[in-house]
Visitor: 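Please see the structure below; I have some questions.
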Amino acid sequence: MIQVRPSEQMRGLGVVQNGAPVLAEPARAFDLPTDRDTAEQVIEQLFSAMERIGQVHPFAKGMGIAAPQIGVGRAAAVVQAPDPGTPAIVLLNPHITDRSSDADEQYEGCLSFFDVRGLVPPPLRITVETTTLEGQVVTTTYERGLARLVHHEIDHLDGLLYTARMRTGVAPIPVEQYRQTGRTWAYEQ
């Protein structure tokens, strides 16, 4: 039996892998509502990618994907919370306007280099401004695990991978070493 590396599996599902220039460049914002049709097409592509990926890999902690990860350099991302039945969060032209000073260092993975996991300390709370398809600006605050997921995708839109957020001297570990050691993103209330 031939074993396929997790990153190769993601590549086969249409996820751009680490080293591709589109992952290192800031994504281009949409001019909404003028670019509505383009934004809708990109959102549809993101949902399609999430569906393909979700059929082969379970994401107990939720998942997200940003347009650059499917080779589209536009400022769109989709985040699915881990709770079944929760509607996905669509992020268009998102930017973080506020963040808590409290952080929680936990392991994260990335579909664009799925062979490793890294300890990342994002803020426990972020406030994000996004633009609706109609061109209205909406502000939302995310907390805990959802803040981590949203922050991760916004970083992609800024041309950053989670390794840029890791503490100096801390390196990602192979997924084989991480398995069975990661803990749920559980937070005390």
Visitor: Keeping the roles fixed (side chain from Arg11, backbone from Val16), state whether a donor-acceptor pair exists under 3.5 Å.
Guide: no

Visitor: State the CD-CG distance between Glu8 and Leu13, to the nearest 0.5 angstrom.
Guide: 11.0 Å

Visitor: Report the C-alpha distance between Phe47 and Val90 in whole Å, list the side-chain angles of each, state the deciding distance to 0.1 Å, and finish with yes or no for side-chain contact (heavy atoms from CB on, under 4.5 Å).
Guide: CA-CA 10 Å; Phe47 275 112; Val90 175; 4.0 Å; yes

Visitor: Going by side chain to side chain donor-acceptor pair (under 3.5 Å), name the residues that satisfy it together with Ser48, two or more places apart in sequence or in a different chain.
Guide: Arg52

Visitor: Output, in order, the C-alpha distance, side-chain angles, deciding distance and verdict of side-chain contact (heavy atoms from CB on, under 4.5 Å) for Arg117 and Val175.
Guide: CA-CA 6 Å; Arg117 300 295 184 267; Val175 69; 3.6 Å; yes

Visitor: Between Arg74 and Arg28, is there a donor-acceptor pair closer than 3.5 Å when you use the side chain of the first and the backbone of the second?
Guide: yes

Visitor: Do the side chain of Arg148 and the main chain of Val120 share a donor and acceptor less than 3.5 angstrom apart?
Guide: yes

Visitor: Applying side-chain contact (heavy atoms from CB on, under 4.5 Å), run through His151 and Arg165 and close with a yes or a no.
Guide: CA-CA 11 Å; His151 198 290; Arg165 299 273 183 217; 3.4 Å; yes

Visitor: Taking the side chain as every heavy atom from C-beta outward, state whether Gln80 and Val78 have any pair of such atoms under 4.5 Å apart.
Guide: no

Visitor: If I compare all heavy atoms of Pro82 with all of Gly62, which pair ends up nearest, and what's the gap?
Guide: CB-N, 3.6 Å

Visitor: By the definition side chain to side chain contact (heavy atoms under 4.5 Å, CB included), identify the one residue from Thr130, Asp155, Leu91, Thr140 that meets it with Val150.
Guide: Leu91

Visitor: Hey, could you give me the CD/CG distance between Gln136 and Leu32, rounded to the nearest 0.5 Å?
Guide: 11.0 Å

Visitor: Hey, does the side chain of Asp102 reach the backbone of Leu124 with a donor-acceptor pair shorter than 3.5 angstrom?
Guide: no

Visitor: Can you label the angle between the Phe114 ring and the His57 ring as parallel, tilted or perpendicular, going by 30° and 60°?
Guide: perpendicular

Visitor: Any ion pair linking Glu105 and Arg167 (charged N to carboxylate O, less than 4.0 Å)?
Guide: yes

Visitor: Check whether Gln106 reaches the backbone of Gly118 with its side chain - one donor and one acceptor, N or O, closer than 3.5 Å.
Guide: no

Visitor: For Leu157 and Ala76, work out which heavy atoms get closest and say how close.
Guide: CD2-O, 3.5 Å

Visitor: Side chains of Cys110 and His152: closer than 4.5 Å at any heavy-atom pair?
Guide: yes

Visitor: Quick one: are Leu149 and Tyr142 in side-chain contact, heavy atoms under 4.5 Å?
Guide: no

Visitor: Transitively linked via ILVMFWY side-chain contacts under 4.5 Å: Tyr178 with Val170?
Guide: yes

Visitor: Let me confirm one number: the CG-CD distance from Asp37 to Gln41, rounded to the nearest 0.5 Å.
Guide: 6.5 Å

Visitor: Ala75 and Ala27: which non-hydrogen atoms are nearest, and at how many Å?
Guide: N-CB, 3.6 Å

Visitor: Do the side chain of Asn93 and the main chain of Phe30 share a donor and acceptor less than 3.5 angstrom apart?
Guide: yes

Visitor: Nearest 0.5 angstrom please: Glu143 CD to Ile126 CD1, how far?
Guide: 10.5 Å

Visitor: Given the rule that I, L, V, M, F, W and Y join up when any side-chain heavy atoms are under 4.5 Å apart, are Val138 and Val128 in one cluster?
Guide: no

Visitor: Taking all heavy atoms of Pro172 and all of Thr163, pick out the closest pair and write down the distance.
Guide: CG-CG2, 3.9 Å

Visitor: Determine yes or no for a side-chain-to-main-chain donor-acceptor pair under 3.5 angstrom, with Gln69 supplying the side chain and Ala66 the backbone.
Guide: yes

Visitor: Please step through side-chain contact (heavy atoms from CB on, under 4.5 Å) for the pair Ile43 and Leu92, ending with a clear verdict.
Guide: CA-CA 9 Å; Ile43 292 166; Leu92 295 172; 3.9 Å; yes

Visitor: How long is the gap from NE2 on His156 to CD1 on Ile154, to the nearest 0.5 Å?
Guide: 11.5 Å

Visitor: What residues, two or more places apart in sequence or in another chain, satisfy side chain to side chain contact (heavy atoms under 4.5 Å, CB included) together with Thr127?
Guide: Thr97, Asp98, Thr139, Thr141

Visitor: Going hydrophobic residue to hydrophobic residue with side-chain gaps under 4.5 angstrom, can you get from Val56 over to Leu111?
Guide: yes

Visitor: For the residue pair Pro6 and Asp115, what are the closest heavy atoms and their distance?
Guide: CD-OD1, 3.1 Å

Visitor: Is the CD atom of Glu134 crowded by more than 12 outside heavy atoms at less than 6.0 Å?
Guide: yes

Visitor: Drop me the distance from Ile65's CD1 to Ile53's CD1, to the nearest 0.5 angstrom.
Guide: 4.0 Å

Visitor: Is it possible for you to say whether Val116 and Leu23 belong to one hydrophobic cluster, with membership spreading through side-chain heavy-atom contacts below 4.5 Å?
Guide: no

Visitor: With a 4.5 Å heavy-atom cut-off, do Glu153 and Pro94 have their side chains touching?
Guide: no

Visitor: In terms of hydrophobic clusters joined by side-chain contacts under 4.5 Å, are Ile70 and Met10 together?
Guide: yes

